[in-house]
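The structure appears below as structure tokens.
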Amino acid sequence: MKIILLGPPGAGKGTLAHLIKERFGICPIATGDILRDAMKSGSPIGQKVKKYVESGELVPDEVVTAIIENKLMTDKNIEKGYMLDGFPRTKPQAEELDRILERINRPLDCAVYMEVSLPVIIQRLTGRRVCRECGDLFHVTNKPPHQSGRCDECGGEIYQRPDDNEETIRTRMDVYLKNTAPVIGYYRSLGKLQEVDGSRDSRELLNDLVDGLNERKRTNQDKIR
Ligand code: AMP
């Protein structure tokens, strides 16, 4: 499986990525997580990107593209496939990604576009909680942890991302509509867009996605014959 997860913040990309990892053993490559780790370590890249990440603005294209290129060129697990979460977020990033994938000879199966409405996004993100250790996702009402403040998986501390507040969520939505919506058009024009309803149960959504990927494979094989 070689896919990109696209959609507004709160569309459920992280939850779907978790299920895909469970079922197919493919680890998500999430630029947001990589940037937050860099910030935590205080590395030069971390210091450079802090102001963007904290305000919900996009980190410059060349910084995130270099991170993804390095990851795709060196990750041994890439043989199994890949799943990009949060990248590309602009059309130049999408075009650069095409060049990288061509170089490593790992063409994309499809870009999965998860669509959800703004009220659902705000409800999901303001209540979202994340494990500091393993990144597992919780929600104050939809999926509370069994033990308050502690991760069900690893017992790590659960926290609220500082950019999951209503004001920053609105900035992230504006940024998404301005920069990332054209990325959807880009993959649609290449015939590589797989649209799914992000408000559905994530397990049903994964089944739909797998069916869609198999259908694509069959159509491509018919074209070759
Ligand atoms: P996420 O965890 O995907 O919601 O990303 C958190 C923040 O990281 C975003 O609001 C951006 O500031 C930054 N970021 C993540 N991925 C990218 C990207 N592909 N391009 C630019 N900025 C990004």
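Every number for a ligand or one of its atoms is a count from 1 in the order of the listing.
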- Query: Which ILVMFWY residues are connected to V130, directly or by a chain of links, through side-chain heavy atoms under 4.5 Å apart?
  - Reply: L137, Y159
Contact table, ligand 1 N/O with protein N/O, distance under 3.5 Å:
| from | atom 1 | to | atom 2 | distance (Å) |
| --- | --- | --- | --- | --- |
| ligand 1 | 2 (O) | R36 | NH1 | 3.0 |
| ligand 1 | 2 (O) | R36 | NH2 | 3.0 |
| ligand 1 | 2 (O) | R161 | NH1 | 3.2 |
| ligand 1 | 2 (O) | R161 | NH2 | 3.3 |
| ligand 1 | 3 (O) | R89 | NH1 | 3.1 |
| ligand 1 | 3 (O) | R89 | NH2 | 3.1 |
| ligand 1 | 4 (O) | R89 | NH2 | 3.4 |
| ligand 1 | 4 (O) | R161 | NH2 | 3.1 |
| ligand 1 | 5 (O) | R89 | NH2 | 3.4 |
| ligand 1 | 12 (O) | E57 | O | 2.6 |
| ligand 1 | 16 (N) | T31 | OG1 | 2.8 |
| ligand 1 | 16 (N) | G86 | O | 3.3 |
| ligand 1 | 16 (N) | R89 | NH1 | 2.9 |
| ligand 1 | 19 (N) | G86 | O | 2.9 |
| ligand 1 | 19 (N) | Q93 | OE1 | 3.0 |
| ligand 1 | 20 (N) | Q93 | NE2 | 3.0 |
| ligand 1 | 22 (N) | V59 | N | 3.0 |

Using atom types as modelled, flag every donor-acceptor pair under 3.5 Å from a side chain in residues 105-116 to any protein atom, sequence neighbours excluded.
| from | atom 1 | to | atom 2 | distance (Å) |
| --- | --- | --- | --- | --- |
| R106 | NH2 | E79 | OE1 | 3.3 |
| R106 | NH2 | E79 | OE2 | 3.3 |
| D109 | OD2 | K2 | N | 2.8 |

- Pair E57-T171, side chain to side chain contact (heavy atoms under 4.5 Å, CB included): steps then yes or no: CA-CA 7 Å; E57 298 290 342; T171 306; 3.6 Å; yes
- Message: Checking D197 now: which residues fulfil side-chain hydrogen bond (donor to acceptor under 3.5 Å, both in side chains) with it, not counting sequence neighbours?
- Response: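 For D197 the side-chain hydrogen bond (donor to acceptor under 3.5 Å, both in side chains) partners, ignoring immediate neighbours, are S199.
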- So how far is it from L118 CG to Q123 CD, rounded to the nearest 0.5 Å?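 Answer rounded to 0.5 Å: 12.0 Å.
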- Query: Within 45 degrees of the axis of the six-membered ring of Y186 and under 6.0 Å from its centre: does K91 put its NZ or CZ there?
  - Reply: no
